[in-house]
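By convention here, the first residue in the shown sequence is residue 1. Only heavy atoms go into these numbers, but all of them, side chains included; no hydrogens, no water, no symmetry mates.
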Amino acid sequence: MVQERDASKALIVDDEPHILRAVRNALSADFSDVLEATTAQDAIDLAAAQRPAVVVLDLALPDRSRSEEHTSELQSRLHLVCRLLLEKK
């Protein structure tokens, strides 16, 4: 049985404080509770416990060697649809 998402919550996953701040500011207008995680494992644990409606995910996290690992785990274990923000260099 899939638990419902909390439409008031968003989760930001990034290890760079300035990106967390910027995304938090952008999401604060639409979500009353903006959660933050700085590692993939913290994101998985927080998403499972809090059931956010939206996850904004950095692909380059220090505790995962391959970006697909944490994206796949969030999608399969927690039934989340992940949309990724990519940095253009």
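Note that the CD1 atom of I12 and the CG atom of D14 stand 9.0 Å from one another [nearest 0.5 Å]. Atom CZ in F31 sits 10.0 Å away from atom CG in D6 (nearest 0.5 Å). Atom CG of D30 and atom OG of S8 lie 12.0 Å apart (nearest 0.5 Å).
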Does the pair V13 and V55 meet the rule for a side chain to side chain contact (heavy atoms under 4.5 Å, CB included), with working shown?
CA-CA 7 Å; V13 187; V55 177; 4.1 Å; yes

Carefully, step by step, assess L46 and I44 under the rule side chain to side chain contact (heavy atoms under 4.5 Å, CB included).
CA-CA 6 Å; L46 198 53; I44 291 163; over 6 Å; no

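A donor-acceptor contact shorter than 3.5 Å links the side chain of R24 to the backbone of V34.
Residues P52 and A47 approach most closely at CD-O, 3.6 Å, considering heavy atoms. When all heavy atoms of R5 and R51 are compared, the pair lying nearest together is NH1-NH2, 2.9 Å. Closest approach of A53 and A7 over heavy atoms only: CB-CA, 3.8 Å. Residues Q50 and L35 come closest through the heavy atom pair CB-CD1, 3.6 Å.
Between D15 and the options D58, T39, L20, a side chain to side chain contact (heavy atoms under 4.5 Å, CB included) holds for only D58.
Under the 4.5 Å side-chain criterion, counting only non-hydrogen atoms from C-beta, L27 is in contact with V56.
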